Amino acid sequence: MDTAAEAGSAGTGASARLDFDAIVIGAGVTGLYQLYKLRELGVRVRAFEAGSRVGGTWYWNRYPGARFDSESWTYGYAFSRELLNEWDWSEHFAPQPETERYLNFVADKFDLRRDIQFNTRVTAAHYREDTRNWEITLHDGSRRTTRFLVTAIGILSAPVMPNIPGVESFKGQSCHTHNWPKETVSFAGKRVGIIGTGATAVQIIQTIAKTVGHLTIFQRTPNWCAPLNNSRISTEEMRGIRARYGEILARCRETPGCYVHSTDPRSTLNTTPEERTAFWEKRYASPGFGFWQGNFQDMLTDRAANALASEFIANKIRSRVHDPVVAEKLIPKDHGVGMRRQPLETGYYEVYNQPNVELVDVRETPIERVTAAGIQTSAKAHDFDIIIYATGFDAITGTFDRMDIRGVNGLRLKEVWANGPQTYLGVFVQGFPNLLMAMGPHAGLGNYTRCAEYSVEWVTGVIQYATQRGLTRVAATAEGVREWTDYVLGLGQGQLMNETGSWMTGVNRNLEGKQTPRIMRYSGGHPAYREHCDAVAAAGYPRLALA
């Protein structure tokens, strides 16, 4: 019997005519927990996942060197003490294969796969006002109906290829990092070109440089990288971490980004040069995001303070890269440290000391085209066996844009967001009833799972509130969207990160209309975001139209 038809036969009234009470798009970190929580409510739910397995980011991004930059033991789910007790992390910053295994372990432990349809991409979602439901269209043309539609599609899941002529003409092996082959790619003795020097490229470069025959790195915008300082976790240390999970998770709830790191209350310019240097040396030598998330409180708001921190990192780069010309090319000149999500590295800068590694600054010698043999710049032709495109994502709103999402009267979400997202709490959009975005734009972002768990629980609370009261329409009001959007935009003013072109501000220079930074996320810190959302729920959702 068809599963959807079987589901549709359950229930009474209008609900019985629908295939599901709730549909979740995605089975990554957010989608798995969203499925778990909705099943707890007892609603008829199905998740649709484009991949062949669970994992989302950690399923797709299997490129060499892919790993956490959040501490592993802060990234795992916290909703189940039993799960916390059962899983051992092997490294402080787990590699992709381990994280994928973890998410599969979670799916198996809670029997989540039986409600997930894999290898299924949602291409469209249209709201039907007369029946107050969503109709989704799958890649094979089939359709499903649901009362509530929850997007759990992540913030970096719409890869972007560069707009360079001739990409299809290359005769060797090539791929975008997001769509990395499942089979092992051998780099031994190969001539490899990689376009990009963002966080993903940093991880790949430092990994494959050990075995390639020759590596050519095409850089447009350098980044301020800091050491990851990773290490293995012994059995004894894991036992200690497990005993401190309550303390660790409480710490994550207290900090603005849900990391174990929090800002130092001092101001940069109120410390002596000696105090600053000693403080920064300690942060630079600490694991994880200590330099970015644990710096002086004014580093991301005061230009003079940021300039001093940037010069500290610049001098570290100069000390690690032997060729002073190459070192200067690796030092950003158009933004300060921390204004982008800081890439963490292990021996990245030392790669440029290898005789078989070449850095090409495409601002000096632009790429003209990809050829059958490799890449042609304005200066010379580079022949390759493999080309890697580490050219990023259409972040935060890109995956929404790639689906045909239409609300009341055929209103297109992509058109509503043409000048930037407008939301209520980062969850609702005016004109799109019963659509709830888990980890949507204008929500609190940071240590991903910590933020995602809260988002899922809040979304689940709304659906529970509606189903318990027999409500069939939950919609954002114009007033609610206007107030929240204005509030988020106001919070973002004065934050240096929001002035810089990066995925966190929705910029990808390979995309038309995505060249200018926009405020895409809540900038007031996750504790304040939770406080605001909790107050809305406690008051009975006053800025939602419920019917």
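Just so it is clear, the model here is predicted, and its values are computed rather than measured.
Between Phe68 and Trp58, a ring centre-to-centre spacing shorter than 6.0 Å is recorded.
Among pairs with a residue in residues 252-266, those fulfilling salt bridge (Lys or Arg N to Asp or Glu O under 4.0 Å) read Asp264-Arg266, at least two apart in sequence or across chains. The salt bridge (Lys or Arg N to Asp or Glu O under 4.0 Å) contacts involving residues 432-454 comprise Arg450-Glu453, where partners must be two or more places apart or lie in separate chains. Evaluation of the side chain to side chain donor-acceptor pair (under 3.5 Å) test over residues 408-422, restricted to residues two or more places apart or in two chains, returns Asp404-Arg412.
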Residue pair Met299, Val337: steps toward the side-chain contact (heavy atoms from CB on, under 4.5 Å) verdict: CA-CA 9 Å; Met299 189 190 80; Val337 65; 4.2 Å; yes
Intermediate values then yes/no, side-chain contact (heavy atoms from CB on, under 4.5 Å), Arg67 and Leu228: CA-CA 11 Å; Arg67 67 172 62 245; Leu228 178 66; 3.6 Å; yes
Steps toward side-chain contact (heavy atoms from CB on, under 4.5 Å) verdict (Arg17, Thr131): CA-CA 10 Å; Arg17 294 190 294 273; Thr131 50; 5.9 Å; no
Step-by-step salt bridge (charged side-chain N to carboxylate O under 4.0 Å, His left out) determination, Arg147 to Asp21: CA-CA 5 Å; Arg147 178 70 65 216; Asp21 300 313; over 6 Å; no
Full working for side-chain contact (heavy atoms from CB on, under 4.5 Å) between Ser90 and Ile233: CA-CA 5 Å; Ser90 67; Ile233 299 176; over 6 Å; no
Stepwise salt bridge (charged side-chain N to carboxylate O under 4.0 Å, His left out) test for Arg242 and Asp88: CA-CA 9 Å; Arg242 187 169 286 118; Asp88 291 338; 2.5 Å; yes
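Closest heavy-atom contact between Phe428 and Trp458: CE1-CZ3, 3.8 Å. Across Ala125 and Leu149, no two heavy atoms sit closer than the pair CB-CD2, 3.7 Å. Phe148 and Val474 get closest at one heavy-atom pair: CE2-CG2, 4.0 Å. Between Val106 and Leu112 the shortest heavy-atom distance is O-CD1, 4.3 Å. When all heavy atoms of Asn229 and Phe93 are compared, the pair lying nearest together is O-CE1, 4.3 Å. Taking all atoms of both residues into account, the shortest heavy-atom contact from Pro256 to Pro527 is CA-CD, 4.0 Å.
By the 30° and 60° cut-offs, the orientation of the rings of Phe393 relative to His176 is perpendicular.
In terms of modelled atom types and a separation under 3.5 Å, the side chain of Arg341 and the main chain of Trp503 share no donor-acceptor contact. Looking at Thr137, its side chain never comes within 3.5 Å of a backbone N or O of Arg143 through a donor-acceptor pair. Side-chain atoms of Thr263 do not come within 3.5 Å of backbone N or O of Gln297 as any donor-acceptor pair. Not a single donor-acceptor pair under 3.5 Å links the side chain of Ser455 to the backbone N or O of Cys451. Judged by distance alone, the side chain of Tyr77 and the main-chain N or O of Leu84 form no donor-acceptor pair under 3.5 Å. Thr30 contributes no side-chain N or O that, together with a main-chain N or O of Ala438, makes up a donor-acceptor pair within less than 3.5 Å. Under a 3.5 Å cut-off, the side chain of Ser72 and the backbone N or O of Ala94 do form a donor-acceptor pair. Of the possible polar contacts, one joining the Thr467 side chain to the Ile463 backbone as a donor-acceptor pair under 3.5 Å is found. Checked by atom type and distance alone, the side chain of Glu49 pairs as donor or acceptor with a backbone atom of Ala27 at under 3.5 Å. The main-chain N or O of Leu300 is never found under 3.5 Å from a side-chain atom of Asn306 such that the two would form a donor-acceptor pair.
Every residue was checked against the ring-ring contact (aromatic ring centres under 6.0 Å, His included) condition with Phe118, not counting sequence neighbours, and none meets it. For Phe289, the ring-ring contact (aromatic ring centres under 6.0 Å, His included) test picks out Tyr259, Trp292, with sequence neighbours left out. For the side chain to side chain donor-acceptor pair (under 3.5 Å) test, residues two or more places apart in sequence or in another chain that qualify with Asn85 are Arg81. The side chain to side chain contact (heavy atoms under 4.5 Å, CB included) search around Leu411 returns Val416, Phe432, not counting sequence neighbours. Qualifying side chain to side chain donor-acceptor pair (under 3.5 Å) partners for Ser52, counting only residues two or more places apart in sequence or in other chains: Tyr59, Lys182. Shown here are the side chain to side chain contact (heavy atoms under 4.5 Å, CB included) partners of Thr399, two or more places apart in sequence or in another chain: Ile153, Ser157, Ala158. Checked against ring-ring contact (aromatic ring centres under 6.0 Å, His included), Phe48 has no partners two or more places apart in sequence or in another chain. Applying the ring-ring contact (aromatic ring centres under 6.0 Å, His included) test to His532 and every residue at least two apart in sequence or in another chain returns Trp484, Tyr487.
In this model, a donor atom of one side chain and an acceptor atom of the other lie less than 3.5 Å apart for Arg113 and Asn104. Side chain to side chain, Arg283 and Asn295 fail the donor-acceptor criterion of an N or O pair below 3.5 Å. Side-chain contact of Ser70 with Asn447: a donor-acceptor pair under 3.5 Å is present, judged by distance alone.
One distance of note links CZ of Arg114 with CZ of Arg46; it measures 10.0 Å at 0.5 Å rounding. The CG atom of Leu425 lies 11.0 Å from the CG atom of Leu436; values are rounded to the nearest 0.5 Å. To the nearest 0.5 angstrom, His126 atom NE2 is 9.0 Å from Ile405 atom CD1. Residue Thr397 holds its OG1 atom at 5.0 Å from CG of Asp401, rounded to the nearest 0.5 Å. Distance check: Thr500 OG1 to Asp334 CG gives 7.5 Å after rounding to the nearest 0.5 Å. Atom OG1 of residue Thr301 and atom CE of residue Met497 lie 12.5 Å apart, to the nearest 0.5 angstrom.
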Sequence neighbours excluded and cut-off under 3.5 Å, please list the side-chain donor-acceptor pairs for residues 533-547, or say none.
residue, atom, partner, partner atom, Å
Asp534, OD1, Tyr454, OH, 2.6
Arg543, NE, Glu483, OE1, 3.1
Arg543, NH2, Glu483, OE2, 3.3

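In this structure, the side chains of Thr423 and Val427 stay at 4.5 Å or more apart for every pair of heavy atoms. Taking 4.5 Å as the limit, every side-chain heavy atom of Lys514 sits out of range of all side-chain heavy atoms of Val160. Between Gln493 and Ile519, some side-chain heavy-atom pair lies under the 4.5 Å cut-off. Using a 4.5 Å cut-off on side-chain heavy atoms (C-beta onward), Gln293 and Thr255 make no contact.
Ion pairing of Arg473 with Glu129 is present here, as a side-chain N (NZ or NE/NH1/NH2) and a carboxylate O approach within less than 4.0 Å.
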